[in-house]
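Here is the structure we will look at.
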Amino acid sequence: MLNTLIGDVGHLSVILAFVAATVAAYSYYMAARGRALGDTDAGWMKLGRGAFIVHSVAVISVIVCLFGIIHGHRYEYYYAWSHSSNHLPVYYMISCFWEGQEGSFLLWIFWHVCLGLILLRLAKRWEAPVMAVFAGVQLFLTSMILGVVLGDLKIGSSPFILLRDFMPDLPVWQTNPNFVPTDGTGLNALLQNYWMVIHPPTLFLGFALTLVPFAYAVAGLWKGEFTKWVRPAIRWSLWGGLILGVGIMMGAYWAYETLNFGGYWNWDPVENAVYIPWLVLVASLHGLVLWQRSKMALRTSFVLVIATFLLILYATFLTRSGVLGNASVHSFTDLGLSGQLIIYLAAFVVLSVALLVWRWKRIPISEKELTTYNAELWVFVGATVLCLGAFQVLFTTSIPVYNAFLGFIGIKSNLALPADQIAHYTKFQLWLGVGVAFCSGLAQIMWWQKNDRASLSNTLTVPAMLSLLGAALVILLVQYNGKKMELTYIVLLTTALFGVLANLSMVLTLLRRKVSLSGGGVAHMGIALMLLGVLASSGYSNIISQNTSGLLYSREFDQTTNQDNVLLWRNDPARMGPYDVRYTGQYFDVPGVPGYVDKQLLYRTDDEYKALARSDVKRGDKVYYKAGDTLEILPENTYYRVEYENRETKDKFTLYPRAQVNEQMGGLLASPDIKVFLDHDIYSHISAVPPIDQEKDWSEVKEHVLSIGDTIFLNDYFAVFRGVEPAKQTAGLGLTKDDLAIQGDFLVSGEKKQYHVHPVFAVRNRLIGRMPDEVEDLGLRLSFLNVDPQKGKFTFGVSTTQKDYIILKAVEKPFINLLWSGTLLMALGFGMAIYKRRRETEAPAVPAPEAGAKPRPIVPQPKPKQVA
């Protein structure tokens with residue numbers, strides 16, 4: 001039955017959230033207008049707070065309504081129908097919430113609400129100007145899901161639009177205006193992964209956190225408080241750097257675990273769109289630390305903090321406006337919001353640039369002369385390297401934007417993205433890694449000591465020598481294994497080792513001095529380890545599934561696929577690198593049963609999500625389902641069981657790479673399975689399978705007239721006819737008391753095991769029915785054709801087909817654990833820095849400089865050293 005109440009409540013809540021954000025932004029602006037920092041109009045402040053709280057409640061109401069629509073399977077709403085289905089577990093329904101554009105905008109709005117409520121308690125005298133910016137951003141974001149049409153003007157895209165309003169041309173509405181589909185189209189198969197439950201919220205929280213330092217920077221420029229914003233901005237920037245960085249790496253691990261392009265980063269424009277602002281955010285954090293320590297780089301800090309948030313907005317435009325077109329495999333399609341996104345971006349660009357230009361000359365500067373022996377110089381160089389790396393990615397990723405803009409003004413453009421984007425970006429980003437590793441190691445050592453030629457030489461000697469020796473050893477090992485190392489790789493290897501060792505030496509030195517540990521040193525060490533992991537796993541991955549058979553698998557495959565994959569016939573062993581591998585069958589995921597269940601143990605029913613157990617489903621001594629029980633299955637994905645055995649060590653393991661035939665998404669969707677070792681991973685995925693939706697090509701039926709106990713030979717196998725018995729309900733016959741059904745009992749001996757086969761002969765309403773039984777492992781099908789009760793003879797038919805097979809690719813990823821462990825270490829370093837600053841409070845207020853006064857040079861005063 002059509003239910004419009006929950007949608008109406010949700011839509012009204014969106015409108016209320018938009019109006020409340022508008023009122024809050026204006027009220028906070030009026031509360032702070034023309035007043036010094038901390039001096040506010042009490043009436044406007046009270047109205048601003050109240051409006052933001054109303055906005056927060058309205059946003060929560062929108063979320064509850066939208067999730068209620070998804071969880072309640074209300075397919076009269078387009079959002080639920082297009083993203084959800086009846087058989088999704090609750091945790092994947094959560095993923096449905098943010099799979100669509102409107103839901104992801106709502107997630108972003110929600111995190112801003114959470115941060116805004118925290119700022120209501122913590123911002124104190126910064127509340128009015130900071131919350132004016134916050135509420136202004138919420139105003140724009142909420143407009144993206146407003147879904148209001150005024151004549152020809154559409155403002156936002158509502159998640160509460162009815163299916164009949166979104167697709168009004170369907171003929172069904174003419175006969176049944178209240179038609180509601182019985183099921184939805186479901187969640188994208190590639191998003192049915194636990195990382196997709198936690199990765200998007202983490203990433204959007206990182207996006208939201210960049211607003212806080214931006215709001216403080218804008219408030220500082222607005223109020224002429226050019227230095228006091230730095231301390232709270234650092235704390236929030238640390239949180240942003242931690243969470244956005246972890247969110248990006250969660251996405252990388254999802255890609256590694258779910259996609260089959262063979263790695264964790266593909267330089268897709270959507271990946272780049274989140275990588276760019278994180279680099280600039282980390283650079284801005286270093287600028288803020290420089291100002292706190294040495295009263296340097298304040299102007300740079302303003303620019304970078306503001307640029308970080310603007311780049312988040314630009315990333316939003318890139319991924320949601322449709323401008324990327326075919327340039328990205330996972331950007332959103334255009335929902336008609338591109339005009340709003342441009343206005344959103346332009347408004348904050350104009351506001352920020354205008355404030356910077358207005359206040360530029362009054363921002364304090366330092367006249368301290370930097371020399372080679374100043375740690376500040378190398379921190380600044382490192383931040384510059386990060387910005388240059390971000391600019392290189394930004395410039396190339398934006399090529400579709402250049403084309404769209406030139407086309408808009410009537411100029412035809414033939415600019416194209418690089419043919420090999422991975423090689424293009426990697427060529428430049430490797431040198432970014434070199435610069436980051438070197439500067440992070442050198443600056444961290446110099447940060448904690450007084451530096452001159454002698455002291456610096458003494459401190460650097462040990463890590464530098466160990467780095468050179470370690471690099472030389474690695475180069476020799478690489479050459480010993482028959483591989484070459486390019487100059488770029490040698491330089492990156494050496495500097496990354498230096499980054500690890502230099503930061504480690506300083507951390508150990510601080511421990512000996514009983515000084516609080518440097519979060520920056522730990523984070524830098526983690527990043528250097530990540531660089532080593534990237535170098536080893538991407539630069540020296542080894543394809544072990546080389547085709548040594550001399551066969552061309554298919555003319556439809558490209559040369560690489562024919563060369564780098566191995567053909568595995570079911571149950572036939574094959575050599576692959578140092579392993580003997582065997583493909584042993586297809587499996588399904590059965591909720592509640594550990595691991596996967598052999599497809600041959602299940603009889604499929606008319607409901608594709610249900611099956612009958614043909615025999616007991618058990619693990620060890622525990623029986624989960626008895627023969628004849630109905631169980632639920634998840635049929636979207638088929639898992640292909642592949643056994644590996646190392647020929648030298650005789651170690652064995654089993655992988656279950658999965659695949660799904662999905663014509664709507666281009667055919668075969670394959671996800672890898674990964675065996676993790678200490679020093680490498682074995683990464684295996686399916687490249688091709690027999691056509692699943694195509695009827696098998698069976699041979700002509702060969703008849704056998706048998707008595708109980710007879711043996712027949714079937715190609716390379718033999719079968720013993722053990723008898724006839726009443727057919728069991730496991731065949732899915734749905735028998736009634738007036739029906740007759742018997743089944744033959746065969747024991748077929750295969751290469752590795754024996755199979756019980758039960759072809760069925762049934763009589764219903766004087767009509768004869770025959771249900772053959774198939775042994776997929778052997779490519780055999782037995783049919784019960786006839787019964788001669790007088791002679792005690794039974795006629796069975798045997799037909800054969802090509803054995804099942806898969807085409808598999810397997811890659812060895814050396815030392816990829818350095819990448820994941822480096823990520824954890826980087827996160828730990830950020831966390832340590834946040835913990836260290838937890839008790840810092842704002843400095844006492846000082847009078848604001850008079851209007852028109854010239855900036856006075858800042859002379860650094862000796863003070864205790866501190867580090868992020």
Side-chain angles (χ1 to χ4, degrees), residues 189-190 260 545 547-574 576 581-589 596-604 608 611 614 633-644 654-673 684-701 714-717 748 750-753 755 757 772-783 798-810:
L190 297 178
N260 66 352
S545 55
N547 179 6
T548 58
S549 67
L551 298 175
L552 184 70
Y553 297 145
S554 173
R555 296 188 183 276
E556 296 179 0
F557 294 163
D558 57 36
Q559 183 178 357
T560 302
T561 303
N562 279 302
Q563 287 179 349
D564 296 342
N565 290 264
V566 63
L567 172 65
L568 299 178
W569 294 102
R570 192 147 163 169
N571 290 321
D572 289 349
M576 190 175 74
V581 292
R582 186 191 302 270
Y583 161 52
T584 61
Q586 301 175 21
Y587 285 67
F588 280 141
D589 189 4
Y596 305 105
V597 175
D598 192 339
K599 190 177 175 182
Q600 294 186 115
L601 298 180
L602 306 174
Y603 185 87
R604 304 293 295 277
E608 63 175 333
R614 300 179 62 168
I633 61 174
L634 300 178
E636 294 95 341
N637 295 300
T638 301
Y639 295 82
Y640 296 83
R641 187 176 187 272
V642 182
E643 297 177 348
Y644 283 72
T654 302
L655 296 180
Y656 291 87
R658 70 175 183 174
Q660 176 185 143
V661 176
N662 190 321
E663 296 300 331
Q664 294 180 343
M665 298 188 66
L668 185 71
L669 297 181
S671 294
D673 198 8
S684 303
H685 70 83
I686 304 294
S687 295
V689 296
I692 293 177
D693 56 350
Q694 184 176 320
E695 186 67 26
K696 293 180 180 178
D697 186 15
W698 292 98
S699 67
E700 291 186 6
V701 176
L714 313 168
N715 294 338
D716 297 330
Y717 320 110
V748 181
E751 295 104 329
K752 288 290 185 179
K753 64 178 183 178
Y755 303 85
V757 186
D773 200 4
E774 180 181 341
V775 185
E776 292 186 354
D777 281 2
L778 310 178
L780 294 176
R781 184 171 69 181
L782 275 72
S783 303
V798 179
S799 53
T800 61
T801 188
Q802 176 180 277
K803 283 180 65 175
D804 186 22
Y805 69 89
I806 59 172
I807 295 178
L808 183 79
K809 184 172 183 177

task: Decide side-chain contact (heavy atoms from CB on, under 4.5 Å) for R641 and T654; before the verdict, give the C-alpha distance in whole Å, the side-chain angles of both, and the deciding distance to 0.1 Å.
output: CA-CA 7 Å; R641 187 176 187 272; T654 302; 3.6 Å; yes
field: side-chain hydrogen bond (donor to acceptor under 3.5 Å, both in side chains) involving S684 - partner list, sequence neighbours excluded
entry: Y644
field: With sequence neighbours excluded, residues passing side-chain hydrogen bond (donor to acceptor under 3.5 Å, both in side chains) with S783
entry: none
message: Please identify which of these residues, V581, N571, T584, L655, meets the side chain to side chain contact (heavy atoms under 4.5 Å, CB included) condition with E643.
response: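 Looking at V581, N571, T584, L655, the match for E643 under the side chain to side chain contact (heavy atoms under 4.5 Å, CB included) is T584.
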I want to check something: taking the side chain as every heavy atom from C-beta on, are [X] and [Y] in contact at a cut-off of under 4.5 Å?
X    : Y    : value
V775 : Q600 : yes
I806 : V689 : yes
T638 : F588 : yes
I633 : R604 : yes

message: Taking the basic N atoms (NZ, or NE/NH1/NH2) and the acidic carboxylate oxygens, is any pair closer than 4.0 Å for D804 and K599?
response: no
message: Strictly below 4.0 Å, N to O, side chains only: are K803 and D572 in salt-bridge contact?
response: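 Looking at K803 and D572, the cut-off is met.
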- request: Could you walk me through whether R658 and E636 pass side-chain contact (heavy atoms from CB on, under 4.5 Å), step by step?
  value: CA-CA 10 Å; R658 70 175 183 174; E636 294 95 341; over 6 Å; no
Can you see which heavy atom on [X] is nearest to which on [Y], and at what distance?
X    : Y    : value
Y717 : G750 : CD2-CA, 4.0 Å
P657 : D673 : N-CB, 3.6 Å
D564 : S545 : O-OG, 2.7 Å
N260 : I686 : ND2-O, 4.4 Å
Y583 : Y640 : OH-CD2, 3.5 Å
N562 : S554 : ND2-O, 3.2 Å

To the nearest 0.5 Å, tell me how far [X] [atom1] sits from [Y] [atom2].
X    : Y    : atom1 : atom2 : answer
Q563 : F557 : CD    : CZ    : 13.5 Å
Y639 : D589 : OH    : CG    : 5.0 Å
L668 : H685 : CG    : NE2   : 10.0 Å
S799 : D697 : OG    : CG    : 10.5 Å
L714 : L778 : CG    : CG    : 9.0 Å
D773 : Y603 : CG    : OH    : 9.0 Å

message: Ring-plane angle category for Y596 and Y656, please: parallel below 30°, perpendicular beyond 60°, tilted otherwise.
response: tilted
message: Whether the side chain of T800 engages the backbone of G779 through a donor-acceptor N/O pair (distance < 3.5 Å, no angle test) should be reported.
response: no
field: Short side-chain donor-acceptor distance under 3.5 Å, N547 and Y553
entry: yes
- prompt: Going by atom types alone, do N637 and Q660 pair a side-chain donor with an acceptor below 3.5 Å?
  reply: yes
